[in-house]
Amino acid sequence: MTKKKFYVSTPIYYPNDIPHLGHAYTTIAADALSRWQKLLGKDVFFLTGTDEHGKKLQNAAESKGLKPKEFIDKIVPKFKEAWKKLNINYSYFIRTTDKSHEDVVSKVLQKVYDSGEIYKGTYSGLYCTSCEAYYTEQDAPSLKCPVHESKLEKLEEESYFFKLSKYQNFLLDLYKKNPDFISPKGKRKEVINRVKEGLKDLSISRSSFNWGVPLPFDKTHVTYVWFDALLNYYSATRLGKNKKYWPADVHLIGKDILWFHTVYWPAMLKSAGIELPKKVFAHGWWTVLNKKMGKSAGNAIKIDELISYAGTDATRYFLLRQTPFGDDGDFSKETLIEKYNQELANKLGNLVSRVSTLAEKYGLKESISVLSSAKIFESVEKYLENLEFDKALNEIFSFIDSCNEYIQQKKPWETKDSKVLYELSNAIKDISILLSPFIPETSEKISKVFNFPLTLKALKTPLKITKIKKSPILFEKIK
Ligand code: MSP
């Protein structure tokens, strides 16, 4: 039987600087989702990568006295290292300077051009290079970028335009027929309202610099970086055996880039005759101690710092547990450590430590357990279907609470009851399997102590009795 496929992507990040908490957030969410879908038995394609063209990158390279590609080649490995440290198990890392990607961009542009949906004109208006986005005076009456608060640049240059305006009805119809296409719901409304106001044609080329994919029909222009970047999700599936993965099941993105993904992207695909992705989910933004995180504020938390507080699993756990995925959250080292101590160390760590210590002493004896995880699994499945990571984790932790209550109540250290210890060990098996998408390293350690594989089958079958050895400390308390 062929496995059902599942395709999840992160945005491709600008390698103008090394990755930080914001980048880690989407990537961890995508990794947890990908691991969960794999656990369910799907054939998963998880794509991430870097967005390497455009003025922003050219400027960053120039400021270091380097050519764009030389500069980027130094930063891209930092992303790959960061993802390794965060235990991110992506299927493919795409770079928009890959020839295979550039070829797809050219082909799509040529197709859209041949169908008469690209024309030449002059772009005259405002631009934010940090966002790589066009703004109107209506969007930014103070002439400052609403995201970066920096002064917008006035552009006036020859440009090719994509007839985005003709896609208004198509898009409204798409949102109506596919209510989940834009998630969460609040964000969906925002997009619909803006699209209803009307769409302007989109400038899709720049002629005042050259760091980009040349237009196949006019080499004096380079492709607008977003037209190029969005196509990464599709171009990655044109390689080798990846074709079967298109269309994507879900693009995970931050709320700031929702418009590009839910307006430009489906219109571009429709125009090129390519099937549309099924869902775009926009998560919220993290502030740090209630301040906007950014380079200029000097408070961007880089990956090494992030994991230095309490380790990789705690970081993954905290980011997904602390706030609902669609909401904004506030990060502080103190709250991370508090959660680590209270939940990972006191609840999960203690349970595993107590049960494994007693099981080493008194052994296990098979018994039908009252600690069933069947309902928990169903809820977790439902929550993760809707990307409610926080609720899924809550559910698993409420099961951990039940186990901790059970051990208190049954006192196996007094009774030496190896049946109770079996019930608890079996529950620990289920907990670790359910947690494995979130804290893979810890789940792996627990699975070695109680000797079970981290699979769906093992979740659904009782633990096999083996000799148990006391678990190493999973989460050393942090002061
Ligand atoms: N290159 C584009 C994406 C192209 S996708 C075809 C881009 N790159 S980015 O590096 O600037 O940002 C990538 C992602 O990081 C965005 O989804 C953005 O929302 C996210 N974050 C950046 N700062 C963030 C926080 N402070 N909090 C959460 N996510 C944030 O945009």
Kindly determine whether E360 and K470 satisfy salt bridge (charged side-chain N to carboxylate O under 4.0 Å, His left out), including the steps that lead there. CA-CA 6 Å; E360 178 176 349; K470 183 177 177 241; over 6 Å; no
Please tell me if the side chains of [X] and [Y] come closer than 4.5 Å, counting only heavy atoms from C-beta onward.
X    : Y    : answer
L351 : I428 : yes
L348 : L435 : yes
S436 : W36  : no
C403 : I431 : yes
L202 : Y264 : yes
T312 : T315 : no
T237 : Y7   : yes
D313 : P440 : yes

With sequence neighbours excluded, tell me which residues meet side-chain contact (heavy atoms from CB on, under 4.5 Å) with K42.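 K42 satisfies side-chain contact (heavy atoms from CB on, under 4.5 Å) with K4, F6, Q37, V44 once adjacent residues are dropped.
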Residues forming a side-chain contact (heavy atoms from CB on, under 4.5 Å) with A30, sequence neighbours excluded: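 side-chain contact (heavy atoms from CB on, under 4.5 Å) check on A30 returns V8, T10, F46, L252.
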Sidechain-backbone polar pair: [X] side chain, [Y] backbone, donor-acceptor under 3.5 Å:
X    : Y    : value
D139 : T136 : yes
N193 : E190 : no
T50  : E52  : no
S235 : H101 : no
R188 : Y175 : yes
R194 : W259 : no
R316 : G311 : no
N426 : Y422 : no
S356 : V352 : yes

Have [X] and [Y] got a donor and an acceptor in their side chains that come within less than 3.5 Å?
X    : Y    : result
S183 : D180 : no
Y383 : N394 : no
N346 : K477 : yes

Give the minimum heavy-atom separation between [X] and [Y], together with the two atoms involved.
X    : Y    : value
Y14  : C131 : OH-O, 3.8 Å
P247 : K278 : CG-CE, 4.4 Å
S369 : E423 : OG-CB, 3.5 Å
N242 : A236 : ND2-O, 3.1 Å
L474 : T442 : CD1-CG2, 4.1 Å
L306 : A24  : CD2-CB, 4.2 Å

Residues that F389 engages under ring-ring contact (aromatic ring centres under 6.0 Å, His included), provided they are two or more places apart: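 ring-ring contact (aromatic ring centres under 6.0 Å, His included) list for F389, sorted by chain: F325.
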Under the ring-ring contact (aromatic ring centres under 6.0 Å, His included) test, which residues partner Y90, sequence neighbours left out?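 Testing Y90 for ring-ring contact (aromatic ring centres under 6.0 Å, His included), a comparison that skips the adjacent residues, returns F93.
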Flag the pair [X] and [Y] as a salt bridge only when some basic side-chain nitrogen lies within less than 4.0 angstrom of an acidic carboxylate oxygen.
X    : Y    : result
D249 : K5   : yes
E414 : K411 : no
K375 : E395 : no
K85  : D304 : yes

Restricting to salt bridge (charged side-chain N to carboxylate O under 4.0 Å, His left out), what partner residues turn up for [X], sequence neighbours left out?
X    : answer
K416 : none
K187 : none
K347 : D401
K38  : none

Counting only heavy atoms not in [X] (residues, nucleotides, ligands), do more than 12 fall under 6.0 Å from its [atom1]?
X    : atom1 : value
K78  : NZ    : no
I473 : CD1   : no
Q409 : CD    : yes
K279 : NZ    : yes
E305 : CD    : yes

Table please: side-chain donor-acceptor pairs of residues 453-464 below 3.5 Å, with sequence neighbours left out.
from, atom 1, to, atom 2, distance (Å)
T455, OG1, A458, N, 3.1
T461, OG1, K457, O, 2.7

Using a 3.5 Å cut-off and no angle test, enumerate the donor-acceptor pairs between side-chain atoms of residues 55-70 and protein atoms at least two apart in sequence or in another chain.
from, atom 1, to, atom 2, distance (Å)
K55, NZ, N59, OD1, 3.4
K56, NZ, S130, O, 2.7
Q58, OE1, W211, N, 3.3
Q58, NE2, E62, OE2, 3.3
S63, OG, A60, O, 2.7
K69, NZ, D73, OD1, 3.1
K69, NZ, D73, OD2, 3.2
E70, OE1, K67, N, 3.2

Aromatic ring centroids of [X] and [Y] under 6.0 Å?
X    : Y    : answer
Y317 : F438 : no
Y233 : H261 : yes
F260 : W265 : no
Y25  : H283 : yes
Y340 : F318 : no
Y134 : Y224 : yes

If you round to the nearest 0.5 Å, how far is CG of D51 from CD1 of I12?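 So the CD1 of I12 and the CG of D51 are separated by 4.0 Å.
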Side chains of residues 141-154: which donor-acceptor pairs under 3.5 Å do they make with residues two or more places apart or in other chains?
from, atom 1, to, atom 2, distance (Å)
S142, OG, K144, N, 3.4
E153, OE1, T129, OG1, 3.2

What pairs of residues pass the side-chain hydrogen bond (donor to acceptor under 3.5 Å, both in side chains) test when at least one of them lies in residues 323-336, not counting sequence neighbours?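 Residue pairs with at least one partner in residues 323-336: K255-D328, T287-D330, S332-T335.
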